[in-house]
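Right, one structure below, let's go through it.
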There are 2 protein chains.
Amino acid sequence: MPTKTSNMQIIKPANNKHTIRCQDCRIKQLCLPVMLAESEVAHLDTIVHRGRPINKGQHLIQAGDSFNGVYAIRSGSIKAYTISVDGLEQITGFYLPGEIIGFDAISSGFYPGFAKALETSAVCEIPFERLESLAAEIPGLQRQIFRTMSDEIVKDQDLMLQLNKKSAEQRFGSFLVNLSFRFGRRGLSSQRFRLPMARSDISNYLGLAVETISRLIAQLQDDGLVSIQKREVEILDMNKLSVLAGTSCHQ
Amino acid sequence: MPTKTSNMQIIKPANNKHTIRCQDCRIKQLCLPVMLAESEVAHLDTIVHRGRPINKGQHLIQAGDSFNGVYAIRSGSIKAYTISVDGLEQITGFYLPGEIIGFDAISSGFYPGFAKALETSAVCEIPFERLESLAAEIPGLQRQIFRTMSDEIVKDQDLMLQLNKKSAEQRFGSFLVNLSFRFGRRGLSSQRFRLPMARSDISNYLGLAVETISRLIAQLQDDGLVSIQKREVEILDMNKLSVLAGTSCHQ
DNA sequence: CGTGGTTTTGAACAATCTCAAGAGTTGTGG
DNA sequence: CCACAACTCTTGAGATTGTTCAAAACCACG
């Protein structure tokens with residue numbers, strides 16, 4: 001199968017160009033190395049595979065692939081989605097630099113969903129068996145894996161609440177506030193940022209129609225809370241937006 | 001504070017009556033001991049606290065309590081829920097024997113939500129720091145914790161899909177099929193079982209109105225798929241119900 | 001400078017909610 | 001053991017949010 005594009009082939013063996021050590025990684029505070037001693041980070045670094053960047057639209061993970069590891073996003077952005085038996089696509093999350101995708105595959109040994117690059121992105125593949133062994137040796141690493149998975153659970157439960165109990169306006173407001181928080185955490189502006197995803201991805205994620213997102217954007221602009229030109233977002237009144245969203249900064 | 005009912009006080013020191021060792025536990029195949037050698041189970045057993053059963057309506061976990069451990073359900077059933085800033089309750093899951101609650105507290109160090117007994121229930125408290133240490137020594141245990149947390153993520157993502165993309169009928173159908181599966185897995189009948197929760201809990205969990213649940217029950221009975229008398233469920237046509245639900249057995 | 005995808009806007013429609021009221025159930029105290 | 005109070009559940013009818021369908025404007029990219 002020369003044209004097969006499984007994740008194992010996308011992630012090419014590391015070469016100099018794409019090899020940035022964990023120790024030197026800009027976003028190590030957001031990733032597994034947080035809380036580790038320098039020597040421990042170096043140890044972790046030895047098991048990480050880095051490949052060439054994956055292009056927009058390319059799949060990092062295909063549903064049904066057997067689980068070999070988790071992927072830390074180094075740059076770019078990834079959307080994770082599942083497809084139900086009746087063919088409906090459901091986006092389960094957007095992953096930004098420092099965030100890790102693939103923990104949902106541990107239980108069954110197969111990735112339950114897809115992961116696709118929203119733009120050119122660099123990811124670090126972390127083989128899970130080796131990560132497990134290392135976690136048994138480095139308590140801080142084990143702890144950080146538990147934390148990251150726990151974060152994922154909290155994020156999903158918060159989204160559940162959004163979908164169940166909040167209006168379209170509140171959902172979209174929360175979405176913007178949450179993105180703003182995650183950009184700010186990386187040292188980027190939390191006032192101005194670029195949406196990496198299409199309107200249809202936002203609507204899918206939030207359980208709304210694309211048209212509803214368009215209308216909400218128009219409305220929030222009329223109210224002077226935000227300014228959104230294409231994918232460029234400027235948050236004009238974070239307080240009002242947070243109140244409207246009914247959240248602090250998580251969603 | 002003599003009337004305070006924090007989780008630490010609910011779980012009384014073990015006594016003979018409530019001390020069932022992990023090795024002898026009926027549901028060890030569904031719980032952390034699965035995959036462990038006998039001696040490893042014995043080791044795990046030494047860190048588990050078992051208390052007297054908690055009564056219906058009593059809280060096992062209060063939101064904001066500091067994280068000390070996870071709880072394995074031994075008997076009964078527990079509902080987990082969060083309360084949003086504007087006071088809305090959102091049930092995030094129902095936990096049955098063999099299932100473990102509390103992993104969402106690892107990331108922040110505080111339980112983000114509440115856990116309340118739907119009926120008299122017995123739980124095993126597993127202090128997390130000790131569990132971490134033990135997990136570092138017993139690879140199978142570490143693996144099983146990862147699996148359990150991964151399961152939780154998958155469960156939440158599936159529910160997300162339900163809430164976003166499925167009709168009220170499909171959601172309720174999936175809910176029944178999923179419960180059926182979980183009862184069957186415990187060796188109980190998957191055809192006939194008793195709902196541990198009220199209609200309002202089901203509606204809250206599924207993002208519907210109570211009235212909608214009532215109407216759906218009436219409808220599914222008219223169609224001859226199920227028979228539901230009060231909380232006693234009998235599934236009359238599992239095939240049709242599964243097709244309607246659009247799932248195999250997970251939700 | 002077309003072609004295909006994305007975004008916006010309008011208008012009618014539908015699924016589910018809300019409100020309201022009644023029936024059934026459970027628990028409690030006299 | 002009965003009666004009252006408090007829930008829980010069911011059923012009906014109208015209201016509403018967000019959807020669907022349709023079409024035009026905009027953009028990106030070859």
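Protein chains get the first letters and strands the later ones, always in sequence-line order, with residue 1 at the start of each.
- One interatomic measurement links the two molecules: CD of A:Gln221 to C1' of C:dT8, which rounds to 12 Å at whole-angstrom precision.
- Between B:Arg194 and B:Glu119 there is no salt bridge, since no side-chain nitrogen of the basic residue lies less than 4.0 Å from a carboxylate oxygen of the acidic one.
- Of the candidate nucleotides D:dA13, C:dT8, D:dC27, D:dC27 has the atom lying nearest to any side-chain atom of A:Lys230.
- Closest-nucleotide positions on DNA chain D for B:Met197 and A:Gly207 were compared, and the one nearer the 5' end corresponds to B:Met197.
- Atom CG in B:Leu208 sits about 10 Å away from atom C1' in C:dC17, given to the nearest Å.
- Look at CD on B:Gln229: it is 13 Å from C1' on C:dG24, rounded to the nearest Å.
- The side chain of B:Ala209 has C:dC17 as its nearest neighbour among C:dT9, D:dT10, C:dC17.
- Residue B:Glu211 places its side chain closer to C:dC19 than to any other of C:dC19, C:dC17, D:dT19.
- Taking every side-chain heavy atom of B:Ser167 into account, C:dT16 is the closest of C:dT16, D:dC9, D:dT19.
- Spacing between atom NZ of B:Lys165 and atom P of D:dT20 amounts to 10 Å, rounded to whole angstrom units.
- Going from atom CD1 of B:Ile202 over to atom P of D:dC9 covers 8 Å, rounded to whole Å.
- Using the six-membered ring where Trp is involved, B:Phe114 and B:Tyr81 have ring planes that are parallel, under 30° apart on the 30 and 60° scheme.
- Rounding to whole angstrom units, CD of residue B:Gln170 and P of C:dA15 are separated by 12 Å.
- Between the side chain of B:Arg199 and the backbone N or O of B:Lys230, at least one donor-acceptor pair lies under 3.5 Å.
- In terms of the salt bridge (Lys or Arg N to Asp or Glu O under 4.0 Å) criterion, A:Arg186 has no residue partners (sequence neighbours excluded).
- Here D:dT19 is the nucleotide among C:dT9, D:dT19, C:dT8 with the atom lying nearest to any side-chain atom of A:Thr212.
- The side chain of A:Arg215 sits closest to C:dG10 out of C:dG10, D:dA13, C:dT16.
- Note: CD1 (A:Ile213) to P (C:dT9) measures 14 Å, nearest angstrom.
- Distance A:Asn204 CG to C:dT7 C1': 16 Å, rounded to the nearest Å.
- When distances are taken from the side chain of B:Arg199 to each of D:dC9, D:dG18, D:dA13, the shortest belongs to D:dC9.
- Comparing B:Val210 and B:Lys56, the nucleotide of DNA chain C nearest to each residue sits closer to the 5' end for B:Val210.
- Checking side-chain atoms of A:Glu232 against main-chain N and O of A:Gln229 turns up no donor-acceptor pair under 3.5 Å.
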